[in-house]
Amino acid sequence: MRSPIPDYLLEVLDSCGEDGGAVADYIPELAAADPDRFGICVATVDGTIYTAGDADVEFTIQSMSKPFTYAIALADRGIDALNERVGVEPSGEAFNEISVERGTGRPKNAMINAGALLTHSLVDGDDSAAQSERVRAGFSRFAGRDLVVDEQAFVSELASAHRNLGMAHLLKAAKTLDCDPVEIVRGYTRQCSVKVSCQDLAIMAATLANAGVHPLTHETLLSRPVVRQVLSVMMTCGMYDAAGDWMTDVGIPAKSGVSGGVIGALPGQVGIAVFSPRLDSHGSSVRGVEAFERLSRDMGMHLMDVAQEGRSALRGAYVTEGDDPMTVYEVQGDLRFAGAETIVRAIAEGEHETRRVALDLTRVYRLHDVGRRMLLESVRRLGEDGLEVVLVDPECALPEAADVGSERLTVVDSLADGTAST
Ligand code: GLU
């Protein structure tokens, strides 16, 4: 069978016919963009890439670089250190708002230029050139290929960076910026001038959607807390003064760029990138925004539109046959609070007419910390109630079980191993 997904993506491109808006023209390299280009790429967290239209056309990353530099700086310095220097509040203003908080000197967030300049200055590196190279190399690792700077766009952009220079000087005057303002604008402008395609961006976004693990190389590039911080700031601040509309209509953590790209990272599912150079009054791609609205609506991608995820955690509960039967609870999936609560409730309400109770974790995909603690406590309490507990845990999802101190616990690799009397 031919996958219907590329056909669907083509249909999305066809349906977003609006040709309003205008290509950015403040530098010749952006003004020269073909306004009719339209590409889309969806990269799943398990590394499948779907494209349609101009998905391999290259353009400068511009403001879509901001979440990735923020991620690198967070990884380099730690979340607390970043929070001291850059806020996490939506500004409700345009990308180039002059944002320097009275008293602290902090910019509102890392998605507007003031915050992005400061963020760039917090990336590790002995000097500005080293920081800039660290950013380019970091982007390349997210994309899974070596990305290069569009030198011509960089030179033009730098020659017109008066407002960014003004902001960097203000940040220096407020003592939030430690280094040379001119050098930081230079580094930030190089960061914005890295060339990418929709496919690169979708893979980069999929790394964020995949909790920091690259979907193709499987390398862990970012820690979970860093990814959570980046996605949260993208969700609340990524679309500048259109953040509220974006949250309600689309509901995907996102970032747009003046070159006409929009990226989105839907946690646990996909990274998405759309490219179409005509921009709306907020500086975001007209057809890019439209395509995201359609994807979110058609594919149920809104972050706030979540089904009862706990319901499927208990795959089954039954009593085995034989002389020494066992009550078995089959657990499955990705266990957060709601899922673990379903399991704990089933066990708490169980009659347990057998002397042994088995917790079968064979189909558990991931145990969040809360799920782990709730299952451990259940194992302990079952032991206290005088029951023998058989933990079927072939992938060692609950290694701490051995430490709960219950002599009544046996850990086995398969239910068949556990069925033999213990
Ligand atoms: N390089 C642009 C600037 O900082 C990026 C703006 C954008 O993409 O929104 O002015």
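Worth saying up front: this structure is predicted, and the values here are computed from it rather than measured. Note that ligands are numbered from 1 as they come in the structure, with each ligand's atoms numbered from 1 the same way.
- Within the structure, ligand 1 has Y26 among the residues with a heavy atom less than 4.0 angstrom away.
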Discussion item. Using the rule given for side-chain contact (heavy atoms from CB on, under 4.5 Å), can you reason through L295 versus I40, listing the C-alpha separation, both sets of side-chain angles and the distance that settles it, and then say yes or no?
Written reply: CA-CA 11 Å; L295 281 177; I40 187 165; 4.0 Å; yes
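- Closest approach of S284 to V289, counting heavy atoms only: CB-CG2, 4.0 Å.
- Within the 4.0 Å heavy-atom criterion, the part of N164 lying near ligand 1 is the side chain and not the backbone.
- The nearest protein atom to atom 7 (C) of ligand 1, hydrogens excluded, is given as S63 OG, 2.6 Å; this is a heavy-atom distance.
- The single protein non-hydrogen atom nearest to atom 1 (N) of ligand 1 is Q62 OE1, 2.7 Å, given as residue, atom name and distance.
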Item to complete: Apply side-chain hydrogen bond (donor to acceptor under 3.5 Å, both in side chains) to S15 and R294, showing your working.
Response: CA-CA 9 Å; S15 72; R294 228 202 110 178; 2.9 Å; yes
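- Heavy-atom contacts from other residues, nucleotides or ligands closer than 6.0 Å to CZ of R228 number 12 or fewer.
- Between F139 and F68, the two ring planes are perpendicular [angle over 60°; tilted spans 30° to 60°].
- Distances between N or O atoms of K66 and those of ligand 1 include no value under 3.5 Å.
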Item to complete: Go through the steps for Q62 and E157 under the test side-chain hydrogen bond (donor to acceptor under 3.5 Å, both in side chains), then give the verdict.
Response: CA-CA 10 Å; Q62 301 292 349; E157 185 100 36; 3.2 Å; yes
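- Residue N113 touches ligand 1 through its side chain alone, judged by heavy-atom distances below 4.0 Å.
- Atoms of ligand 1 found under 4.0 Å from any heavy atom of G257, numbered from 1 in the order shown, are 8 (O).
- For atom 4 (O) of ligand 1, the nearest protein heavy atom (residue, atom name, distance) is Y188 OH, 2.7 Å.
- Shown here for S156 and P28, the closest heavy-atom pair between the two residues is OG-CD, 4.0 Å.
- By the criterion of a heavy-atom distance under 4.0 Å, the side chain of E157, and not its backbone, is placed next to ligand 1.
- Between C192 and ligand 1, no N or O atom pair is found at a separation short of 3.5 Å.
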